[in-house]
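Everything quoted here is computed from the prediction, not taken from an experiment.
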Amino acid sequence: MHSPDFLKEVMETDPPMVHYTKYRMGKGEYFKLALLAAVFFGFLGFLFYQNLAVALLMSLAGLLFPRFQRKKILEKRKRELGMQFKEAMASLSSSLAAGRSIENSFREVVIDLKLLYPDPTASIIFEFEIINRRVKNGETIEKAVSDFAARSGVEDIVNFADVFQTCKRTGGDLVEVIRRTSEIIGEKIAMQQDIEVMISQKRFESNILSIIPLGMILLLEISASDYMAPLYVWGSLGPLIMTGCLGILGAAYWISRQIMDIKV
């Protein structure tokens, strides 16, 4: 499903296409993410140092957050496209097995996909319509598929395009190739979903463990401010200790993300 910024990006190209390895964040989206991140980092700065100047300085780190979020958006877009491509391959395999030509099968895929994805702006429907339009305008279907693969940045689609182009060139068994491709992609996505289910609880626990220390510091500052006061005296070891604690919490969060970032 496309966002307004995605659709704007598509319509500004000729012919209207999009690169799934690129994402241009709108000003409104960038400002919203930067503001939320700035508030969070400013809160951390005040929580750990009780100093407004440091809090304002740390809040500037929020300006960098949209860059990291852009990477997550791209990964999510490519993951959704890969799952939709699996359904497209299953439909394409069925059409070819029924005896239709490759061009007619690609047109039939769009009809099937619209039943699965009622939203007409779904990425895979959009891309297959582009392929069919380019074929209708006289381009070879393998060139249209290869262009889609290059823009997708999805490994499964790139591999399929390479095999598809080779089969068309050498007269290979397209029905068997597409059937096997559909099976492999399906098995891969099923494995990814199983892994995601297994680590979802651990990810939730990791998030809770990251928040608890902040809650404990806030609780101590409210209930035992005299006890915490020496840690906020500039010129003493207090700020250094708090900086070390903040660094440890940040490193622990980063390591936990890396451990749970499992790619199949």
Side-chain angles (χ1 to χ4, degrees), residues 1-6 8-9 18-80 153 195-196 198-263:
M1 193 174 296
H2 299 318
S3 67
D5 291 327
F6 178 91
K8 181 180 178 182
E9 175 187 350
V18 65
H19 289 265
Y20 293 86
T21 56
K22 301 176 183 178
Y23 180 75
R24 186 174 60 190
M25 191 173 288
K27 292 181 180 179
E29 184 180 8
Y30 183 95
F31 177 77
K32 180 181 178 181
L33 290 173
L35 180 62
L36 291 174
V39 170
F40 175 74
F41 285 115
F43 169 74
L44 280 184
F46 193 79
L47 182 65
F48 277 81
Y49 298 102
Q50 291 289 303
N51 186 291
L52 186 59
V54 174
L56 291 174
L57 185 63
M58 287 185 62
S59 68
L60 295 177
L63 298 176
L64 301 176
F65 179 73
R67 296 186 179 183
F68 295 98
Q69 192 65 19
R70 183 185 292 115
K71 181 180 178 182
K72 290 185 178 180
I73 292 172
L74 286 171
E75 290 176 351
K76 181 181 178 181
R77 179 195 286 186
K78 290 165 65 176
R79 184 168 59 251
E80 290 177 349
I195 292 174
E196 184 66 25
M198 287 189 291
I199 67 174
S200 60
Q201 181 179 354
K202 299 301 178 184
R203 184 179 290 116
F204 176 76
E205 292 173 358
S206 173
N207 292 335
I208 295 298
L209 290 174
S210 298
I211 295 173
I212 285 177
L214 305 181
M216 291 179 64
I217 294 174
L218 182 61
L219 179 63
L220 287 172
E221 287 181 3
I222 294 173
S223 61
S225 57
D226 293 341
Y227 178 78
M228 296 290 290
L231 293 173
Y232 302 116
V233 178
W234 289 90
S236 67
L237 291 177
L240 292 177
I241 294 173
M242 296 302 283
T243 300
C245 293
L246 182 59
I248 292 172
L249 287 175
Y253 179 81
W254 181 82
I255 291 172
S256 67
R257 296 296 99 181
Q258 295 300 114
I259 292 174
M260 288 181 284
D261 185 19
I262 300 174
K263 293 182 174 63

Separation between CZ (Phe41) and CG (Leu56), nearest 0.5 Å, reads 14.5 Å
Taken in chain and number order and not counting sequence neighbours, the residues that satisfy side chain to side chain contact (heavy atoms under 4.5 Å, CB included) with Leu33 are Met25, Glu29, Phe65, Pro66, Gln69
In short, Ser236 meets Pro230 closest at the heavy-atom pair OG-O, 3.7 Å
Value for CG (Leu47) from CE (Met58), rounded to nearest 0.5 Å, stands at 9.5 Å
Sequence neighbours excluded, the answer for salt bridge (Lys or Arg N to Asp or Glu O under 4.0 Å) partners of Lys32 is none
Next item on the list: For Trp234, look at atom CH2 and say whether over 12 heavy atoms of other residues, nucleotides or ligands are found less than 6.0 Å away.
Entry: yes
Item checked: Residue pair Met242, Leu246: steps toward the side chain to side chain contact (heavy atoms under 4.5 Å, CB included) verdict -> CA-CA 6 Å; Met242 296 302 283; Leu246 182 59; over 6 Å; no
d(Lys72 NZ, Arg79 CZ) to nearest 0.5 Å is 11.0 Å
When rounded to the nearest 0.5 Å, the distance separating OG of Ser210 from CG of Leu214 is 8.0 Å
*asked:* Is a donor from one side chain sitting under 3.5 angstrom from an acceptor on the other, for Ser206 and Tyr253?
replied: no
Here the gap from Tyr23 atom OH to Glu75 atom CD, rounded to the nearest 0.5 Å, amounts to 14.0 Å
Original post:
Could you walk me through whether Ile222 and Leu219 pass the side chain to side chain contact (heavy atoms under 4.5 Å, CB included) check?
Top reply: CA-CA 5 Å; Ile222 294 173; Leu219 179 63; 5.5 Å; no
Test side chain to side chain contact (heavy atoms under 4.5 Å, CB included), reference Cys245, set Thr243, Leu249, Ile241, output is Ile241
Sorted by chain and number, sequence neighbours left out, side chain to side chain contact (heavy atoms under 4.5 Å, CB included) with Met228 holds for Ile217, Leu220, Glu221, Leu231, Tyr232
ask   = Do other residues, nucleotides or ligands put more than 12 heavy atoms under 6.0 Å from Tyr30 OH?
value = yes
Sequence neighbours excluded, the answer for side chain to side chain contact (heavy atoms under 4.5 Å, CB included) partners of Phe46 is Gln50, Ala55
One should read off an interatomic distance between Asn51 CG and Leu57 CG, to the nearest 0.5 angstrom, of 10.0 Å
The salt bridge (Lys or Arg N to Asp or Glu O under 4.0 Å) partners of Arg67 (sequence neighbours excluded) come to none
Taken in chain and number order and not counting sequence neighbours, the residues that satisfy salt bridge (Lys or Arg N to Asp or Glu O under 4.0 Å) with Glu205 are Lys202
